[in-house]
Amino acid sequence: MPKSAYEVITPAKDRSCVVFASPHSGRDYPWSFLRSTVLDEHAIRSSEDAFVDLMFDCAPEHGAVFIKAGAPRAFVDLNRAAEELDPALIEGVRRQGHNPRIASGLGVIPRVVANGRAIYRGKLTGEEAQRRIEKYWRPYHQKLQDLLDAAHQRHGQAVLIDCHSMPHEAMDGVAKSGVKRPDIVLGDRFGAAAAGEVVDRVEAAFAAAGFVVTRNTPFAGAYITQAYGKPARAQHAVQVEIDRSLYMNETLIRPNGDFEDVQRALRQVVAEVARIGMGRVPLAAE
């Protein structure tokens, strides 16, 4: 089993209402897990948001909290609901309606990695699935909510920046001829997960750092954005998807020659986004 559900890095001095999170960059692949798959140690990483944590772990330098997953996405997907169990993978699970994520093998316990490659030789027991949820999914989400609650109590609002990466090919179907291909996709579930002024600040920060930004297409935000985005309660959630090809060789899963430049640009973004809400008068605790 992976050693921990998450790691939290806190600032020396809390100055920001923003919580940065990386739920898909976990890379603790224990031998017992690798032995149970039909994939090798390289292929199993294909759906991982490799190096995303290294792009955003500077958040504490700017007064914001950073939380990252310990368990890899192929083991348990923290951006799915705990109930999104795949009957094609997990014994004893009944099919309940149509869920496109489950149907494609991308439930809370994934059946496949990128390009639809199967992870396992057969099915998992229901006990194994629940063990992963109880040991990794629930602790991560409990801690994430605790961090957002603490930010809200101290600053009067909380902003979650949920950090992900996307394959370069993900934009093939939406990049328009004659229009510069987006580097970043921001997802706020079409305004349901965050106030417009918050998303505007995030978009402006990326644009000022030289990134081409679009919103909600093809990624509007999944479970985390939906579950934590409650702008009416001053709790906002914005999903960030970064084109992996900007900073890594997607085939080899290695940093490319532009890695440090992109990392430097993203550090500028993090510094600006962490300033959201600074100077705001905290609301009284209810």
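Small disclaimer: the values here were computed from a predicted structure and weren't measured. Residue numbers count from 1 along this sequence.
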Problem set entry | N/O donor-acceptor pair under 3.5 Å between D243 side chain and S245 backbone | yes

Exercise. Within a strict 4.5 Å, meaning less than it, do heavy atoms of the V240 and V269 side chains meet?
Worked result: no

Problem set entry | For the student: nearest non-hydrogen atoms of S16 and M278, plus distance | CB-CE, 4.2 Å

Exercise. Under 3.5 Å, side chain of D28 to main-chain N/O of K3, donor-acceptor pair present?
Worked result: yes

Exercise. Between V273 and V159, is there a shared hydrophobic cluster once you connect ILVMFWY residues whose side-chain heavy atoms come closer than 4.5 Å?
Worked result: yes

Exercise. Any idea which heavy atoms bring E250 and P167 closest together, and the distance?
Worked result: OE1-CA, 3.2 Å

Problem set entry | H24 side-chain N/O to V52 backbone N/O, donor-acceptor pair under 3.5 Å | no

Exercise. Distance from T10 atom OG1 to I67 atom CD1, nearest 0.5 Å?
Worked result: 11.5 Å

Seminar exercise, completed: All heavy atoms of P23 vs all of Y140, minimum pair found to be CB-OH, 3.6 Å

Exercise. What heavy-atom pair brings Y29 and L34 nearest, and what distance separates the two atoms?
Worked result: O-CD1, 3.8 Å

Exercise. Take atom NZ in K123; do more than 12 heavy atoms of anything else shown fall under 6.0 Å from it?
Worked result: yes

Problem set entry | Side-chain heavy atoms of V76 within contact of V108, under 4.5 Å | yes

For this session: Show the numbers, then the answer: is there a side-chain contact (heavy atoms from CB on, under 4.5 Å) between L89 and I119?
Result: CA-CA 10 Å; L89 175 65; I119 297 174; over 6 Å; no

Exercise. Is a donor on one side and an acceptor on the other found under 3.5 Å between the side chain of R189 and the backbone of T225?
Worked result: no

For this session: Determine whether F56 and K68 make a side-chain contact, defined as any pair of heavy atoms from C-beta on separated by less than 4.5 Å.
Result: no

For this session: In plain terms, say whether D57 and R267 are close enough for a salt bridge, that is, a side-chain N and a carboxylate O under 4.0 Å apart.
Result: yes

For this session: Keeping the roles fixed (side chain from Q263, backbone from L54), state whether a donor-acceptor pair exists under 3.5 Å.
Result: yes

Exercise. Is it true that Y223 and H141 have ring centroids separated by less than 6.0 Å?
Worked result: yes

Exercise. Counting distance only, does the side-chain N/O of K230 pair as donor-acceptor with the main-chain N or O of A237 below 3.5 Å?
Worked result: no

Exercise. Between the side chain of D183 and the main-chain N/O of V212, is any donor-acceptor distance below 3.5 Å?
Worked result: yes

For this session: Evaluate the side-chain proximity of R181 to D172: yes if any heavy-atom separation is below 4.5 Å, no if none is.
Result: yes

For this session: For residues R201 and E272, determine if any side-chain heavy atom of one lies less than 4.5 Å from a side-chain heavy atom of the other.
Result: yes

Exercise. Between S165 and R244, do the side chains contain an N or O donor and an N or O acceptor separated by less than 3.5 Å?
Worked result: yes

Exercise. Under 3.5 Å, is there a donor-acceptor pair between the H236 and D188 side chains?
Worked result: no

For this session: Could you walk me through whether I276 and V202 pass the side-chain contact (heavy atoms from CB on, under 4.5 Å) test, one step at a time?
Result: CA-CA 9 Å; I276 293 175; V202 176; 4.0 Å; yes

Exercise. Is R27 salt-bridged to D53, cutoff N-O under 4.0 Å?
Worked result: yes

Problem set entry | Check: D149/Q145 side-chain N/O donor and acceptor closer than 3.5 Å | yes

Problem set entry | Pair D86 + R101: basic N to acidic O under 4.0 Å | no

For this session: Kindly give the heavy-atom pair with the smallest separation between R215 and V185, and that separation in Å.
Result: C-CG1, 4.5 Å

Exercise. So how far is it from Q239 CD to H164 NE2, rounded to the nearest 0.5 Å?
Worked result: 4.5 Å

For this session: Using a strict cut-off of less than 4.0 Å between a Lys/Arg side-chain nitrogen and an Asp/Glu carboxylate oxygen, indicate whether D261 and R264 qualify as a salt bridge.
Result: yes

For this session: Return the minimal non-hydrogen interatomic distance between A271 and H62, and the atom names on each side.
Result: CB-CE1, 3.4 Å

Exercise. Does E84 reach the main-chain N or O of A81 with its side chain, forming a donor-acceptor pair under 3.5 Å?
Worked result: yes

For this session: Indicate yes or no: at least one non-hydrogen side-chain atom of F259 is less than 4.5 angstrom from one of M55.
Result: yes

Exercise. Checking side-chain contact (heavy atoms from CB on, under 4.5 Å) for the pair R73/L78: CA distance, chi angles, key distance, verdict?
Worked result: CA-CA 7 Å; R73 182 184 187 182; L78 302 175; over 6 Å; no

For this session: Could you tell me whether the side chain of P60 reaches within less than 4.5 Å of the side chain of V65, counting heavy atoms only?
Result: no

Exercise. Does NZ or CZ of R132 fall inside the cone over F75's six-membered ring, less than 6.0 Å from its centre and within 45° of the axis?
Worked result: yes

For this session: Kindly compute the distance separating CG (L144) from OH (Y228), expressed to the nearest 0.5 Å.
Result: 4.5 Å

Problem set entry | Test item: E83 and Q96 side chains (from C-beta on) under 4.5 Å apart, heavy atoms | no

